[in-house]
Amino acid sequence: MMLINMLLISTVLTGALITISFWLPQTSPDTEKLSPYECGFDPLGTARLPFSLRFFLIAILFLLFDLEIALLLPTPWALNLPTPTTTLLWTMIIIILLALGLLYEWLQGGLDWAE
């Protein structure tokens with residue numbers, strides 16, 4: 001009986017959400033929403049416009065630090081291993097390397113958005 005109630009509630013809720021999602025959106029998109037680019041570049045203009053190297057550097061740094069942080073995700077599960085001190089040692093090494101890299105980029109001016 002409880003399974004039937006849960007199935008009925010989830011079906012009704014799903015149907016209601018699908019129905020609402022078809023009625024709510026605006027049906028008059030503008031040219032910016034139809035553009036495949038979200039970065040502010042004109043897709044129909046010339047490709048020889050100068051590209052901001054600062055924007056590229058910030059994007060690469062974001063990807064680098066984002067991937068490095070992903071290395072720390074298994075840490076809570078690894079603490080249940082027989083040697084949690086080894087796990088904490090490697091975690092601290094990764095955090096120290098990230099902090100040193102961030103400090104280096106900060107001191108070099110790599111994080112300054114405006115010149």
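Index from 1, following the sequence. In what follows, every heavy atom counts, from backbone to side chain, and hydrogens, waters and symmetry copies are set aside.
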**Q.** Approximate separation, where rounding is to 0.5 Å, of Leu24 CG and Leu17 CG
**A.** 10.5 Å
Q) CH2 of Trp90 to CD1 of Ile95: how many Å apart, nearest 0.5 Å? A) 14.0 Å
Q.
With rounding to the nearest 0.5 angstrom, report the CD to CG distance, Glu68 to Asp66.
A. 10.0 Å
**Q.** Gap between atom CG of Leu88 and atom CD1 of Ile93 - 0.5 Å precision
**A.** 11.0 Å
Q: Determine whether more than 12 heavy atoms belonging to other residues, nucleotides or ligands lie under 6.0 Å from atom CD1 of Ile4.
A: no
Q. About how many Å separate OG1 of Thr87 and CE of Met92, when rounded to the nearest 0.5 Å?
A. 13.5 Å
Q. Are Ile69 and Leu72 side-chain neighbours, meaning at least one heavy-atom pair lies under 4.5 Å?
A. yes
Q | In one Ile/Leu/Val/Met/Phe/Trp/Tyr side-chain cluster, 4.5 Å: Ile58, Leu102 | A | yes
Q.
Quick check for you: to the nearest 0.5 Å, what is the distance between Ile94 atom CD1 and Thr75 atom OG1?
A. 7.0 Å
Q: Heavy atoms only: give me the nearest Phe65-Leu98 pair and the separation to one decimal.
A: CD2-CD2, 3.3 Å
